Protein chains: 4
Amino acid sequence: MSEDEVLLQQLFEDDKLTEKQKKIILAAIESFSEKGYAATSTSEIAKKAGVAEGTIFRHYKTKKELLVSIVAPLMAKLIGPFIVNDFHKVLDHPYEHVEDFLRAAIQNRSDIIKKMLPVIKIMMQEIPFQPELREQFLEQVARKTFDRILLVIKEYQDKGQLIEMPTLSAARLAISSIFGYLISRYIFFPDSEWDDELEIERTVQFIMHGLSQR
Amino acid sequence: MSEDEVLLQQLFEDDKLTEKQKKIILAAIESFSEKGYAATSTSEIAKKAGVAEGTIFRHYKTKKELLVSIVAPLMAKLIGPFIVNDFHKVLDHPYEHVEDFLRAAIQNRSDIIKKMLPVIKIMMQEIPFQPELREQFLEQVARKTFDRILLVIKEYQDKGQLIEMPTLSAARLAISSIFGYLISRYIFFPDSEWDDELEIERTVQFIMHGLSQR
Amino acid sequence: MSEDEVLLQQLFEDDKLTEKQKKIILAAIESFSEKGYAATSTSEIAKKAGVAEGTIFRHYKTKKELLVSIVAPLMAKLIGPFIVNDFHKVLDHPYEHVEDFLRAAIQNRSDIIKKMLPVIKIMMQEIPFQPELREQFLEQVARKTFDRILLVIKEYQDKGQLIEMPTLSAARLAISSIFGYLISRYIFFPDSEWDDELEIERTVQFIMHGLSQR
Amino acid sequence: MSEDEVLLQQLFEDDKLTEKQKKIILAAIESFSEKGYAATSTSEIAKKAGVAEGTIFRHYKTKKELLVSIVAPLMAKLIGPFIVNDFHKVLDHPYEHVEDFLRAAIQNRSDIIKKMLPVIKIMMQEIPFQPELREQFLEQVARKTFDRILLVIKEYQDKGQLIEMPTLSAARLAISSIFGYLISRYIFFPDSEWDDELEIERTVQFIMHGLSQR
DNA sequence: AATGAATGAGATTTCATTCAT
DNA sequence: TATGAATGAAATCTCATTCAT
């Protein structure tokens with residue numbers, strides 16, 4: 001199974017896609033992430049996918065629907081692991097220490113980001129301009145994730161492992177550090193040599209010291 | 001002097017702009033930041049500026065030239081304070097402690113971001129797609145800024161105020177925290193109530209503890 | 001038997017239509033009469049008929065063939081009663097007086113129009129644009145009907161019941177009045193309260209006085 | 001001044017039209033009336049007008065707006081003469097007898113129809129399908145005209161010149177006859193030899209006898 | 001017979017840019 | 001300098017029709 005097919009499988013698990021539909025989606029992802037949604041023409045996508053232009057519109061009523069159909073399932077994937085893995089483990093106490101939780105969280109996100117990079121780029125680019133996406137993102141991803149992050153931080157604050165500070169501020173600082181790593185790693189300098197384990201450890205330690213009881 | 005005029009003055013200090021040109025630029029900034037460069041039509045800008053379509057092309061040969069003429073001066077402004085104020089002060093030792101430097105750096109950036117927010121949005125959106133802008137950004141902003149940040153970190157590491165760690169990693173962690181604050185403050189939740197001084201202090205302390213000698 | 005089935009039976013007496021074909025025809029009649037032939041898409045008809053797009057083209061080679069297959073049988077129906085009932089009766093003298101003939105004629109037409117209203121709308125709309133239909137209409141409907149009307153008028157003129165005037169002019173005036181009633185009744189104001197018998201009588205009397213010997 | 005220019009002048013009296021706009025309108029009228037609105041493509045209009053396709057959309061935001069801009073002024077023209085000439089004359093009593101009024105009314109409409117024939121065809125074709133036009137027609141043309149016709153009939157009924165009968169029915173019968181003549185004359189058989197004066201007189205007499213006191 | 005994915009020609013519409021005034 | 005009509009290339013989208021299943 002090719003790398004592209006893995007991506008498709010991950011994003012569109014259950015959906016039955018025709019061969020042409022798959023080609024359209026892959027072509028769209030490539031073009032959207034390279035040139036941006038607005039600057040990509042449907043004729044270009046059709047050509048890249050080796051498909052007639054009309055075929056695109058048989059499957060997606062509008063160009064925007066194509067965009068949404070690509071980005072929306074990503075959002076589900078992004079919260080998935082949080083809900084399924086991380087938090088349950090935290091609340092069921094398999095992570096005695098914050099550090100363990102942090103390491104797992106970063107690692108988890110890291111895997112997805114690596115695979116979905118182009119789609120994530122599209123999502124980040126288009127969220128400010130597509131109200132439909134923004135709303136989905138805020139309601140499904142941001143709120144759910146954030147709520148749980150706050151819970152987890154509270155949990156560790158109660159255990160005395162984290163400094164007393166408004167949970168919102170603590171969350172902001174921790175999340176910034178994590179995303180700072182991921183963005184540097186996969187978006188700004190994907191081509192540098194990275195000792196991932198070490199950098200993750202540094203990030204974890206940074207957060208730990210920054211937020212721990214002094 | 002209206003807020004818009006302040007923006008123009010800050011961005012186009014010495015340039016002599018006709019009245020129409022000012023209106024065009026303000027209209028373009030508004031539309032570009034709301035809908036994106038590619039999704040904004042010149043006719044829309046003309047209408048918003050109260051100007052004939054042709055007039056835009058009298059001043060800017062192409063639509064892209066208009067974009068560049070807006071974003072390029074921002075870049076100059078962004079490095080300006082670094083070079084002129086912060087670093088000189090550091091190298092001339094007016095900031096004895098890292099914290100003082102950090103506070104000043106955040107404050108400085110904060111002021112500019114507040115004023116230039118729409119233009120910054122445009123810049124961030126378009127850098128990935130406009131090679132011209134990307135190059136300018138990397139060479140003029142990123143490199144220069146980064147070089148100096150590294151210098152400063154080294155300086156404080158040598159003073160023993162900062163933990164031993166590759167300067168690049170330290171820089172990444174510090175910068176992430178600062179940008180995390182700025183982005184949360186001005187982009188994600190501009191409408192929340194913010195106690196700026198307190199949050200800046202928290203961010204500074206977070207970085208300090210995260211990076212200080214243990 | 002539903003109203004739709006009555007319509008189909010009347011239009012396609014002997015033809016054997018499959019279930020799908022019936023649905024297609026009813027859907028086409030509805031859409032064509034509501035939005036016009038050119039503005040109706042085959043996909044829309046297919047959806048309304050609950051049928052695959054391809055199925056339409058299995059039964060009708062082209063969209064126009066579908067139109068013709070609907071309108072053509074109507075034309076046969078329209079001349080039918082004229083030939084079969086009215087005129088024979090006139091020529092066989094069961095209608096001693098013009099008035100009786102007129103009453104019967106209007107009543108006859110009235111029934112058909114009521115049932116076939118949507119198809120008649122389609123016919124009237126498309127005759128100007130479809131040479132095929134126009135020719136059929138002129139040769140089969142208009143000429144035959146008109147010839148017989150002229151005969152009948154001549155008959156009553158000879159009896160001295162109608163004023164001397166070119167039969168063509170007399171025909172025009174009588175036909176205008178009849179169609180004026182039918183159009184008002186069924187197309188312009190179908191929703192008003194109509195005392196049909198009274199209005200038909202008024203129309204008959206109007207024609208009688210207008211055309212009778214003075 | 002060519003015949004076309006007369007048409008334009010009559011329809012668009014005060015509007016300032018560019019040369020290209022005039023060509024577009026004339027081409028549109030020709031095509032719409034020949035093939036119908038829906039079956040006419042804008043590219044066809046552009047070609048016939050000797051204009052770039054974009055030019056059409058510079059002046060009319062949509063194809064439908066072009067249609068409306070052609071048909072709407074016709075409606076004004078159609079009621080114009082009624083209001084300005086006929087009725088005032090009736091109510092100011094220059095027409096002592098119904099016949100004189102009828103003759104004038106037919107004559108008046110006749111002139112306009114002759115000139116505006118293609119536009120009238122378009123109007124009649126599209127009124128059933130364009131709610132915008134239908135509404136305009138009903139509110140501006142039908143209602144105003146009808147109200148005044150009713151007034152006039154009442155006036156002559158009161159004078160004892162017309163039979164007692166619901167004014168609505170009387171109106172229907174009279175109008176049918178008039179339109180029957182106009183439609184026969186200009187739409188069905190424009191190419192036959194017509195002795196207009198005689199046929200108008202016949203129509204008038206027909207209505208008179210049909211509706212007069214017996 | 002029936003389906004519905006696929007097509008490609010063409011329809012409507014948009015838009016950056018030009019140019020005569 | 002400013003205008004805005006005009007352009008034509010290209011963008012999005014529609015649709016009648018075909019064809020493999």
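Just so we're clear, the structure is a prediction, and the values are computed from it rather than from any experiment. Letters A, B, ... are given to chains in the order of the sequence lines, protein chains preceding strands, and every chain is numbered from 1.
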Student: Whole angstroms only, please: what is the NE2-C1' distance between D:His59 and F:dA6?
Tutor: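 Rounded to the whole Å, the gap is 8 Å.
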Student: How many Å lie between NZ on C:Lys63 and P on F:dA16, as a whole number?
Tutor: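 Computing the C:Lys63:NZ to F:dA16:P distance gives 4 Å.
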Student: Please tell me which of D:Ile56 and A:Gly54 maps to the more 5' nucleotide of DNA chain F, matching each residue to the nucleotide holding its nearest heavy atom.
Tutor: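 The residue mapped nearer the 5' terminus is D:Ile56.
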Student: side-chain contact (heavy atoms from CB on, under 4.5 Å) between C:Phe12 and C:Leu8: does it pass, once the steps are laid out?
Tutor: CA-CA 6 Å; C:Phe12 301 93; C:Leu8 287 174; 3.9 Å; yes
Student: Need to verify one output field. Residue with the more 5' nearest nucleotide on DNA chain E, D:Glu44 or A:Gly50?
Tutor: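 Counting from the 5' end, the first nearest nucleotide belongs to A:Gly50.
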Student: Judged by each residue's nearest nucleotide on DNA chain E, which is more toward the 5′ side, D:Thr40 or A:Glu19?
Tutor: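 It is A:Glu19 whose nearest nucleotide is closer to the 5' end.
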Student: Expressed in angstrom and rounded to an integer, what is the separation of C:Phe32 atom CZ from F:dA16 atom C1'?
Tutor: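 Rounding to the nearest Å, CZ of C:Phe32 and C1' of F:dA16 are 12 Å apart.
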Student: Expressed as a whole number of angstroms, how long is the span from A:Tyr60:OH to F:dA11:P?
Tutor: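 Going from A:Tyr60 (OH) to F:dA11 (P), I get 21 Å.
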Student: At 4.0 Å (heavy atoms only), tell me whether B:Ser41 reaches a base, stays on the sugar-phosphate, or touches nothing.
Tutor: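 The residue B:Ser41 makes sugar-phosphate contact but no base contact.
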Student: Name the residue closer to the 5' end of DNA chain F, choosing between A:Lys64 and B:Val51 according to the nucleotide with the nearest heavy atom.
Tutor: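 Of the two residues, B:Val51 wins.
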Student: In this structure, how many angstroms lie between the P atom of E:dA2 and the NZ atom of C:Lys22, rounded?
Tutor: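 Nearest whole value for this atom pair: 13 Å.
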Student: Tell me which nucleotide among E:dA6, E:dG8, F:dT12 gets nearest to the side chain of A:Thr55.
Tutor: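 Between E:dA6, E:dG8, F:dT12, the one nearest the side chain of A:Thr55 would be E:dA6.
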Student: Return the nearest nucleotide to the side chain of D:Thr42; candidates are E:dA16, E:dT12, F:dT12.
Tutor: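 Nearest to the side-chain atoms of D:Thr42, counting from C-beta on, is E:dT12.
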Student: Under the criterion side-chain contact (heavy atoms from CB on, under 4.5 Å), which of D:Glu135, D:Arg134, D:Gln136 is the partner of D:Leu138?
Tutor: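 The option that passes is D:Arg134.
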Student: For B:Ile45 and F:dA2, what is the distance between atoms CD1 and C1' respectively, to the nearest whole Å?
Tutor: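 Distance, rounded to whole Å: 17 Å.
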Student: Given F:dA6, E:dT17, E:dT14, identify the nucleotide with an atom nearest to the side chain of B:Phe57.
Tutor: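 Out of F:dA6, E:dT17, E:dT14, the nucleotide with an atom closest to B:Phe57's side chain is E:dT17.
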Student: Could you walk me through whether D:Ser43 and D:Glu53 pass the side chain to side chain donor-acceptor pair (under 3.5 Å) check?
Tutor: CA-CA 6 Å; D:Ser43 85; D:Glu53 209 168 342; 4.8 Å; no
Student: Name the nucleic acid region contacted by D:Thr18, choosing base, sugar-phosphate or nothing; use a 4.0 angstrom heavy-atom cut-off, strictly under.
Tutor: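 Sugar-phosphate contact only - D:Thr18 comes under 4.0 Å of backbone atoms but never of a base.
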Student: What integer distance in Å separates A:Lys61:NZ from F:dC13:P?
Tutor: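 Those two atoms, NZ and P, are 12 Å apart.
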Student: Does the ring of B:Tyr37 carry B:Lys63 above it, NZ/CZ under 6.0 angstrom from centre and within 45° of its axis?
Tutor: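 So B:Lys63 does make the cation-pi contact.
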Student: To the nearest angstrom, how far is C:Gln21 atom CD from E:dT3 atom P?
Tutor: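 Atom-to-atom, C:Gln21 to E:dT3, this comes out as 13 Å.
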Student: At less than 3.5 Å, do the side-chain atoms of A:Arg58 and the base atoms of E:dA6 form a donor-acceptor pair?
Tutor: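 Between E:dA6 and A:Arg58, which were checked side chain against base, a qualifying N/O pair under 3.5 Å is present.
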Student: Watson-Crick or G-U wobble partner for E:dT21, using a 3.5 Å limit on both distances?
Tutor: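 Check on E:dT21: paired to F:dA2, both distances under 3.5 Å.
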Student: Would you call C:Glu132 and C:Lys64 a salt bridge, taking side-chain N to carboxylate O under 4.0 Å as the test?
Tutor: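 Salt bridge: no.
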